Structures are given as structure tokens and as C-alpha cells.
There are 2 protein chains.
Amino acid sequence: MKAETILKDHLLKIIDLNDEQFSYVFSHFKPMSFKKGQAIIAEGDKVSCEYFVTAGCLKSFYINDDLKMFILQFAMPGWWASDYNALYNGIKATIGVDCITDAEVLCLSNADREKLCSELHAVEHFFRWRTNKGYVAAQKRLLSFMNNDAKHRYEELLNTYPQLYNIVSKQLIAAYLGVSRETLSRLYHG
Amino acid sequence: MKAETILKDHLLKIIDLNDEQFSYVFSHFKPMSFKKGQAIIAEGDKVSCEYFVTAGCLKSFYINDDLKMFILQFAMPGWWASDYNALYNGIKATIGVDCITDAEVLCLSNADREKLCSELHAVEHFFRWRTNKGYVAAQKRLLSFMNNDAKHRYEELLNTYPQLYNIVSKQLIAAYLGVSRETLSRLYHG
DNA sequence: CGTTTTATGTGATCTACATCAAATTTTAAC
DNA sequence: GTTAAAATTTGATGTAGATCACATAAAACG
């Protein structure tokens, strides 16, 4: 499906925009293509955009001092990704975003998002709705971390995002669950 | 300080509202007083409001099947609390909110928030800003959970919210950190 | 293809933290 | 102020999951 259509469907599920308004909104998004493994945001970068995925799969992640990686989010078509802390607060990236598969994204700058939000009340409403969703999801994941063991969290992940199983390596699943790859392997074998 | 003033300062830090607009917004908030230990939201309740704290300290928490409690958030004056999953999705509460100390809050219904957001673009902007903040904070806490041990998270909490140390029992700190009270005790003694 | 990375699986050992149990200190209630 | 209740500390023991080391399997790539 066309990137434009994916974005339009995504927005119109939540807000009303006529064709002219949508075209205007869309004109602020810049289509970009990336190859598997390519970085979209690297640690230390100035972060000026967020990315709406229209094809492929991204991950956003943190790498600690021991070079251990933790995955914050997988992003499939219809999802957004960025280092939001850096983006909102104008600081350098501590979170990376890169491509698990070849990917197509629509890039929206922070400045253009704010411009669109102030020009079109509906767009502001959309982004409030989106962050509300994200906030509730982050809280659920936090609770799952505190409450459940690795096996439980693994099953939860596969139930919530069955598509991931085929696309994403076990290592990355482990980095999302916050366990070592060895432990994840032992959850279903030995 | 007056509850009205606390809310006004809080809003005006982010958006512009003239006196008439603020009065109109404020007219939708219902002041309420609670005693230490009182529940504001109990598990299974229908959740129709969120609460802006103007005095005292609340906690929002989840209790699992083994009756173990996990604290999502402490709420001091200038903070908001509710079961947002329940509030936004019109489902029953799985998160409780109650009072660590005697407390004063301003209660805003979901319906009134949505009404104010649609009537006043600036209010919608405020709530988008607020949830953005919350989302980034939740992500940081998630990373801290994956990356840091209990001692590190304890020090992080005290650095971020030094006020809590005097108000909140060690048990509750432990429930926020996601460790047992025994482990927390051993972090600074034995 | 074959060769070289890169991902996965499995055993052995180690560690942070949980759990259970009981002593002690602090806070609340009458 | 005395008693009851709750919070905190401390010890002993158990366990999920980390880490290290190496074997195997599967991609990637010339």
C-alpha cells in the first residue's frame, strides 16, 4: 500500500481531515528509504525528526556502558519511532533507531509537528491521543516487568505481537524482554 | 497556597490563558479532600476522573494475585493521578489510587477534559505536553529497570525526588523500586 | 558454491534478590 | 501513657536468571 494511504488511514481513524487538509499535513512528511541494518538515529546525534513507518520494521534501543542493548520498541507499519526525550527536549540522542529489515518511513520534523499542531486543532488532538496510547502501553510494560518473570513476558509479547516472531531474531526478542539470549533460549528448550 | 493558584501556575507554565479562560477551565474542576489512607480509586471501580494534587501525597499502584503491591507513581502537589488505562478506555480500574497523607485534589472528569480540549486549543496543547512528559518518564523508568540494579534505582529515586524520603515509608519505596522491603533495608544497612 | 560471520543452543557456575522466620523499633489508638 | 499494630531490621536459605565457555547451526557474501 502507498505510504500516503497508510498515513491517511492512520490519522482518519482518530480525527477528521478533509482531502485538502490531509494533503497539507502530508506535505510536511518526507519519505525516506533505508536498508536493513542502517541507522536512522545514532547515539549522540541531534534529533530533529520522528518517523512514521510505512514498510519494514525498526527498533529503538539503548546501549549501556557494558555495550548491552535494551530494546524499547519495535516499530512496524503504522507505528512511530524516535528518541522522544531527545526530540522534545532538544538534546542529543541517547536512544538509537535502526532498521531490522529494509524499511520505508515518513519523516516529520519536530518543528513541523508543532506547526501542524498549532495550525490544525485536529492534528494536536491526534498527537495527544497517540501519546496517551503510548503512555498507557509503557505503564503496562513497566508493571509486567515488576510483576512477571521472563517466561510470562515472552508469552505476553508473542500474544500481543505475533508478527514479530517471524521477523525478529531471538537475540532482539531477549533484548526487548530484558533477559540474556541464553535465558530466552532455555525458556522453550531445555 | 490556594488550590486554584497551584493549578493556574501549573497551566500557565505551558500555555497562555486569560483570566476569563482560566476561570472557565477551573469551573470544571471539583475540589475534594481526603484523609490519609483513604482510597480515591479502588480496583474494579468505574473510573471517570483524573485528579490534580494540590496538597498531600497520593500513590497509584497495582496489586497482583499474590497481594503484592507495585507502585506506579507517587503524586505530590502539581502532579496528576488516575488509572489512565481505565479512564481513557472506559474500563474498570485495575490500578488503585489512595492517600499516603491527608490530601487535597482537584477532580476533572474525562468528559470535561475532552470538552475543554475541544473548546480550547490551548488546553488540548497542555494535555498533549503533559502526556509527552509522562511518556518520556515512563520510558526512562523502564530502561532503568532493565539496566540498573536495586541500589542504583534507589539512589536515582532519591536524587530525583528527595522530598519523598521524609514522607513515604520504606515499604512503599520498595514497592516503587520493585524489590522486597528486606532487600531495600539491606541496601543501606547490612 | 565454500568460507566466514553471526545467531542459537547447552552445560557449569555465580549472584542479586526473593522468601520465610523471628527480633526490634516505631507509630497509632484508646 | 500503655497497649496494640505496623514498620523495619537481621539471619538463613532458595531460586531465577546472569555470565562464561564452547558447540552447532544458519545466514551472508565473496
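Naming convention: chains lettered A, B, ... in sequence-line order (proteins, then strands); numbering from 1 in each chain. Values in this document were obtained by computation on a predicted structure and should not be read as measured data.
- At whole-Å resolution of the value, NZ in B:Lys170 and P in C:dT25 are 15 Å apart.
- Other residues, nucleotides and ligands contribute only 12 or fewer heavy atoms inside 6.0 Å of the CG atom of A:Asp19.
- The aromatic rings of A:Tyr176 and A:Phe74 lie parallel to each other, their planes meeting at an angle below 30°, with 60° marking the opposite boundary.
- A cation-pi arrangement is found for A:Lys59 relative to A:Phe61, the charged atom lying closer than 6.0 Å to the ring centre and inside a 45° cone about the ring normal.
- Residue B:Tyr188 has no polar side-chain atom (N or O) positioned under 4.0 Å from OP1 or OP2 of D:dT8.
- Look at CG on A:Leu184: it is 15 Å from P on D:dT19, rounded to the nearest Å.
- No single ILVMFWY cluster, assembled from side-chain heavy atoms under 4.5 Å apart, contains both B:Phe34 and B:Ile167.
- Using a 30° and 60° split on the angle between ring planes, B:His10 and B:Trp129 fall in the perpendicular class, above 60°.
- Of the charged side-chain nitrogens involved, at least one lies within less than 4.0 Å of a carboxylate oxygen, so that B:Asp102 and B:Lys35 count as a salt-bridged pair.
- The nearest whole Å value for the distance from the CE atom in A:Met69 to the C1' atom in C:dA7 is 13 Å.
- Rounded to a whole Å, the CE atom of A:Met146 is 16 Å from the C1' atom of C:dA18.
- Rounded to a whole Å, the CD1 atom of B:Ile100 is 16 Å from the C1' atom of C:dT27.
- A salt bridge links A:Glu50 to A:Arg130: one of the charged nitrogens lies within less than 4.0 Å of a carboxylate oxygen.
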Output a table of nitrogen or oxygen pairs between the protein and nucleotides 11-15 of chain D separated by less than 3.5 Å.
| residue | atom | partner | partner atom | Å |
| --- | --- | --- | --- | --- |
| D:dG11 | N7 | B:Arg186 | NH1 | 2.9 |
| D:dG11 | O6 | B:Arg186 | NH2 | 3.4 |
| D:dA12 | N6 | B:Arg186 | NH2 | 3.4 |

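- Shown here for A:Leu87 and A:Cys49, the closest heavy-atom pair between the two residues is CD1-N, 3.4 Å.
- At whole-Å resolution of the value, CZ in B:Phe145 and P in D:dG17 are 14 Å apart.
- Per the geometry, CD belonging to B:Gln171 stands 18 Å off P belonging to C:dT25, to the nearest Å.
- Expressed to the nearest 0.5 Å, how far CG of B:Asp83 lies from CD1 of B:Ile40 amounts to 13.0 Å.
- If you chain together hydrophobic residues whose side chains sit under 4.5 Å apart, A:Val97 and A:Leu164 never meet in one group.
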Self-check item: Contact pattern, 5' to 3', of nucleotides 22-30 of chain D - B, S or - by protein heavy atom under 4.0 Å
Solution: ------S--

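- Rounded to whole Å, atom P of C:dT19 lies 8 Å from atom CG of B:Asp66.
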Distances under 3.5 Å between protein N/O atoms and the N/O atoms of nucleotides 14-17 of chain C, please, pair by pair.
| residue | atom | partner | partner atom | Å |
| --- | --- | --- | --- | --- |
| C:dC17 | OP1 | B:Ala150 | N | 2.9 |

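- Checked against the 6.0 Å centroid criterion, the rings of A:Trp79 and A:Tyr51 do not qualify as a close aromatic pair.
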